[in-house]
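Have a look at the structure below, then the notes.
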Protein chains: 2
Amino acid sequence: MKKAPLHIIKIGGAVLENAEKRAAFLASFAQLEGNKLLVHGGGRQATDLGEKMGLETRMIEGRRITDDQYIDVVTMVYGGLINKQLVAHLQALGCNALGLTGADGSVITSLKRSIRNGIDYGWVGDPQTVNVELITDLLTFNLTPVFAPLTHDGAGHLLNTNADTIASTLAIALSARFDVQLVYAFELDGVLTDIQQPDSLIHKINPASYEKLKAQGKVTDGMIPKLDNAFTAIAQGVSSVKIVKYTHIGQLHSVDFQHYTHISE
Amino acid sequence: MKKAPLHIIKIGGAVLENAEKRAAFLASFAQLEGNKLLVHGGGRQATDLGEKMGLETRMIEGRRITDDQYIDVVTMVYGGLINKQLVAHLQALGCNALGLTGADGSVITSLKRSIRNGIDYGWVGDPQTVNVELITDLLTFNLTPVFAPLTHDGAGHLLNTNADTIASTLAIALSARFDVQLVYAFELDGVLTDIQQPDSLIHKINPASYEKLKAQGKVTDGMIPKLDNAFTAIAQGVSSVKIVKYTHIGQLHSVDFQHYTHISE
């Protein structure tokens, strides 16, 4: 039997923290037809709240050290503020959104990251299981799940989990039931070899060209974990992975759509 | 056809902000068999966060003035911190909890309270509609919905909504499908005529005896809105309303259970 299509869209914190960009993204996302779900970030807003509360932010290679106080901050900002604002906004656009963390319906469980090379990331989790049944049921009711980047360990602890990783984990798990199109939406048209030159957009990238671009220094820091996640997803059954500008989500069905980078095997 | 039983339990912020009491309540709640859902408060924790952020708390007759900054605070504390901690804790106890605000699946819409007698409560909402269909579907999947005291106006705004009111609103709406038992759980055994005397517990209260107790000054401030909500619920089809100690939720099915106040018509 042919699998039904499902779009999994990841949107980053930089778009969300700007009210105009957020509205433009959500308007575009609401237009996308068929089964869809959203995964959001929000790291900068968590840092802002932490600073207002007088907490120190500690990052290692772009990853937050999530101590006892910071897990509460990210639970408030990701699970509360951003998630519920997005859900209320989507409802106003006629999109029947429902917010989730991994703890809700135990939809994503994680393993707390152990101390490696002397680094203790604290309450950070790497995904272990996905409740495909529940997500499928929610989609059947025409709901649009909106995932905050939080999971749980099944023993009562919430865990901070990278949003790109949540998106690829969901994409891989849901490929058992759906023809999954995974889309990383952000501020640029796609992967650019020169961030100052919009016409340096790479239309297609595969593992061989990726290695070459990395060696030439044409793919930069922030894009590397995103592309690594993308290639992992493709290798594990996800039908398609794209990196797309946040205003173009509504036109993903268009055949002649050129404003994105397509990741292939 | 006989309606299936459904327990709607409201738990107040005072129990939740004490880690031991919270754990005792959740252990008791997890033991309760059959369809159930939880509604939680959390006002004191919101005030704590607001103060850490340097915001001024303004209350009128126990109700919070929810300005632009405070709606974000309650969204973080109710929708994020408390809701997700409760969900993760219940999951660890084998109860398949799923957290909701009124915006999620548009499960409760509200009307923003208009300015009355010169008082502008800000982003506060009075419930208008309940998505009975979705709640029924979630219960059918053996999920336990956990409601934060937040609703939405359908136009993109979250609204702060009293948790007792959410509990009675859900109880009334769900009575169309279920044999609803509404339970207000708190720190005492039930309604006491003398808060210092546990043996002053009122086992049954009806509108006539309630008026008498109010006239005698034996029912105090905090209990009055709770009882008003309770009588409204009974009058509108809810099968039973009880006010119960938070540790006794798991034994609600016991016939000889005496530690509560039963509200009757």
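The sequence lines fix the lettering, A, B, ..., with proteins before strands; numbering per chain opens at 1.
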What part of B:Asp72 is in contact with chain A, defined as an atom under 4.5 angstrom from a non-hydrogen atom: side chain, backbone, both or neither? both

Taking every heavy-atom pair that is under 4.5 Å apart, which of B:Cys95, B:Gly79, B:Gly105, B:Gly94 has the most such pairs with chain A? B:Gly105

A:Lys245 NZ/CZ over A:Phe186 ring centroid, <6.0 Å and within 45° of normal: no

Side chains of B:His152 and B:Ser106: do they bring a donor and an acceptor to under 3.5 Å? yes

Region of B:Gln85 that comes under 4.5 Å of a non-hydrogen atom in chain A: both

Give the member of A:Asp137, A:Asn96, A:Val77, A:Val73 that has the highest number of heavy-atom pairs under 4.5 Å with chain B. A:Asp137

Chain A heavy atoms under 4.5 Å from B:Ile82: which part of the residue, side chain, backbone, both or neither? neither

Intermediate values then yes/no, salt bridge (Lys or Arg N to Asp or Glu O under 4.0 Å), A:Glu17 and A:Arg22: CA-CA 7 Å; A:Glu17 71 193 48; A:Arg22 176 196 291 223; over 6 Å; no

Proximity breakdown for B:Leu93 and chain A, heavy-atom pairs closer than 4.5 Å: neither

Considering only heavy atoms and a distance below 4.5 Å, find which of A:Met53, A:Lys52, A:Glu133, A:Gln91 pairs most often with chain B. A:Gln91

The single option from A:Thr47, A:Thr57, A:Thr75 that satisfies side chain to side chain donor-acceptor pair (under 3.5 Å) with A:Tyr70 is A:Thr57

Counting heavy-atom pairs under 4.5 Å with chain B, the top scorer among A:Leu90, A:Val146, A:Val87 is A:Val87

A:His89, A:Lys84, A:His157: which one forms the most heavy-atom pairs within less than 4.5 Å of chain B? A:Lys84

Stepwise, does the salt bridge (Lys or Arg N to Asp or Glu O under 4.0 Å) test hold for B:Arg113 with B:Asp153? CA-CA 11 Å; B:Arg113 194 174 297 169; B:Asp153 66 359; over 6 Å; no

Interatomic distance, B:Leu150 atom CG to B:Ile166 atom CD1 [nearest 0.5 angstrom]: 7.0 Å

For the pair A:Tyr78 and A:Phe147, evaluate ring pair (Phe, Tyr, Trp, His ring centres under 6.0 Å) and give the outcome as yes or no after the intermediate values. CA-CA 9 Å; A:Tyr78 302 162; A:Phe147 285 82; over 10 Å; no

Which heavy atom in B:Ala167 sits nearest to a heavy atom in B:Lys10, and how many Å separate them? CB-CB, 3.9 Å

Largest heavy-atom contact set with chain A, pairs under 4.5 Å, which of B:Thr144, B:Thr101, B:Leu100: B:Thr101

So which part of B:Leu81 gets closer than 4.5 Å to some heavy atom of chain A, the side chain, the backbone, both or neither? both

Would you mind checking which part of A:Leu138 comes under 4.5 Å of any heavy atom in chain B, side chain (CB onward), backbone (N, CA, C, O), both or neither? side chain

Check this for me: B:Lys3, atom NZ, are more than 12 non-hydrogen atoms of other residues, nucleotides or ligands nearer than 6.0 Å? yes

Is it the side chain or the backbone of B:Leu49 that comes within 4.5 Å of chain A heavy atoms, both, or neither? side chain

